[in-house]
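Below is one structure, written out as structure tokens; the observations come after it.
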Amino acid sequence: MLGINGVHAQSKQPRPTLDVFCGASLSYSDTHFARLYDVLLNLTPGFKLNLGDDWQIAGQAFIPVVNDYYGEDYNRVRLNMAVMSKELHLWNTQHFKISAGLFSQERIGFDLKWMYPVTNWLALNAQVGYTGLCKTSPKWECYRLDRVSFLGGPSVFLSKWNTEFRACGGRYVYGDYAVIGEVMRHFKYCTVSLFGQVQQKGARNVSGSKKNGGFKFVWMLPPYKKSSKRVRIRPASNFRQVYRAHSDDYWVKTYKTDPEENEREGNFNPEKVRWGANLIGVGGDYGTAK
């Protein structure tokens, strides 16, 4: 078998593996004078079927647990994601991920991600999507693909301090434009970040403010070592939480194409793309971070 990096006499086809997991998503907003917070809590069961050769089928559902003033549609069990994807890792420098299916944020269509680690401290990232609206609650409603979104920017990783700086700008899901800057500090099993953004259109809930900011947490959840079993039942790999100064349910929206996608590990298989936080330890051992 002839590979990109050389000639291999014989290559064993990897066996398919199945991951079944469950996590939780928490949303909250402070938009009513008489209430401190509106809360939405969902369980998020999902699966990943890894077919080998970097092909993957993934899905995720939302099961409502608590819904305070988020609307009747959020009281229903609904499908959040059903995606087929393929990763390409060329010459260990060019990384691509092609995805098709139902993404988060009720988007359906196609997505292409690209990453180029220029050095061990600088990487370039880009993403382009061609999607349409697809609602799964209270009934299935899918519309034609009519939105092109694109994002891109550099990332700088300072390994001495386990600190990463990111800049990203482009056209978001609903046709608006924004630029976001973020600084991230990676700890042993957690990443904390501060971000600020300038957007073309103002947040609906704060009299049209075109500036926003906040902080994020990404907690990596045990088990931290990947099992060799063909069927793995486990918790979700991470829990992610975002706080924004101005709540906005429309502008500067992106979608995810993987149920466990997060800012710490990036858009690709962390075992294949060893850059940034994925350089902290090998094989899931994050022990070198302080």
Side-chain angles (χ1 to χ4, degrees), residues 1 3-4 11-23 25 42-63 77-90 94-116 125-137 139-152 172-173 226-227 229-238 240 253-273 278:
M1 177 181 178
I4 291 173
S11 177
K12 263 190 181 179
Q13 187 67 20
R15 299 182 303 172
T17 61
L18 175 64
D19 286 84
V20 180
F21 49 86
C22 186
S25 71
N42 292 307
L43 293 179
T44 56
F47 75 93
K48 289 183 184 179
L49 177 60
N50 298 292
L51 301 172
D53 199 23
D54 294 314
W55 283 95
Q56 178 180 271
I57 298 174
Q60 185 186 56
F62 278 170
I63 300 177
V77 176
R78 58 198 185 278
L79 186 65
N80 181 55
M81 212 176 294
V83 183
M84 173 172 280
S85 62
K86 163 69 174 176
E87 289 191 18
L88 297 169
H89 306 283
L90 308 179
Q94 303 294 319
H95 306 284
F96 299 87
K97 184 174 183 179
I98 305 166
S99 304
L102 174 65
F103 309 144
S104 67
Q105 293 291 335
E106 299 180 326
R107 307 306 297 177
I108 192 169
F110 304 92
D111 180 78
L112 173 64
K113 296 181 177 71
W114 168 75
M115 180 182 180
Y116 172 31
N125 301 274
Q127 177 183 1
V128 60
Y130 182 45
T131 63
L133 178 66
C134 182
K135 298 177 70 67
T136 61
S137 177
K139 61 180 181 179
W140 279 85
E141 296 179 75
C142 290
Y143 301 86
R144 65 185 179 90
L145 308 186
D146 60 355
R147 296 285 172 86
V148 175
S149 57
F150 50 86
L151 303 171
Y172 288 80
V173 166
K226 190 173 182 179
S227 170
K229 294 180 179 179
R230 295 187 66 180
V231 178
R232 300 182 286 258
I233 300 176
R234 56 174 175 80
S237 65
N238 67 86
R240 174 182 174 274
K253 293 300 180 184
T254 60
Y255 53 79
K256 296 185 182 300
T257 62
D258 186 307
E260 297 182 301
E261 192 174 310
N262 63 86
E263 288 84 353
R264 178 186 175 96
E265 295 178 313
N267 299 320
F268 298 88
N269 183 344
E271 296 179 356
K272 295 292 183 70
V273 181
N278 298 330

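Not measured: the values here are computed from a predicted model.
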Under the side-chain hydrogen bond (donor to acceptor under 3.5 Å, both in side chains) rule, collect the residues that match up with Glu263, sequence neighbours excluded. Lys216, Arg240

So which atom in Trp140 and which in Cys134 form the shortest heavy-atom distance, rounded to 0.1 Å? CZ3-SG, 3.8 Å

Between Asn267 and His95, does a side-chain contact (heavy atoms from CB on, under 4.5 Å) hold up when you go through it step by step? CA-CA 10 Å; Asn267 299 320; His95 306 284; over 6 Å; no

With sequence neighbours left out, what residues match Arg232 under salt bridge (charged side-chain N to carboxylate O under 4.0 Å, His left out)? Asp19

Within 6.0 angstrom of Ile233 CD1, more than 12 heavy atoms from elsewhere: no

Under the side-chain contact (heavy atoms from CB on, under 4.5 Å) criterion, do Gln105 and Val173 qualify, and how do the steps go? CA-CA 9 Å; Gln105 293 291 335; Val173 166; 5.7 Å; no

Can you spot which of Thr131, Thr254, Thr257 makes a side-chain hydrogen bond (donor to acceptor under 3.5 Å, both in side chains) with Arg107? Thr131

Given side-chain hydrogen bond (donor to acceptor under 3.5 Å, both in side chains), test Glu260 with Asn238 step by step and report yes or no. CA-CA 7 Å; Glu260 297 182 301; Asn238 67 86; 5.3 Å; no

Under the side-chain contact (heavy atoms from CB on, under 4.5 Å) rule, what do Glu265 and Asn278 come out as? Steps first, then yes or no, please. CA-CA 6 Å; Glu265 295 178 313; Asn278 298 330; 3.9 Å; yes

Do Glu261 and Lys113 pass the side-chain contact (heavy atoms from CB on, under 4.5 Å) test, and can you show the C-alpha distance, the side-chain angles, and the key distance before you say yes or no? CA-CA 13 Å; Glu261 192 174 310; Lys113 296 181 177 71; 4.0 Å; yes

More than 12 foreign heavy atoms under 6.0 Å from CZ of Arg230: is that the case here? yes

Exercise: identify the closest heavy-atom pair between His89 and Phe268: CE1-CD2, 4.4 Å

Report yes if the side chains of Pro259 and Phe21 come closer than 4.5 Å at any heavy-atom pair, otherwise no. yes

Hey, mind stepping through Asp54 and Lys97 against salt bridge (charged side-chain N to carboxylate O under 4.0 Å, His left out) and telling me if it holds? CA-CA 9 Å; Asp54 294 314; Lys97 184 174 183 179; over 6 Å; no

If you count heavy atoms of other groups shown closer than 6.0 angstrom to CZ of Phe110, is the number above 12? no

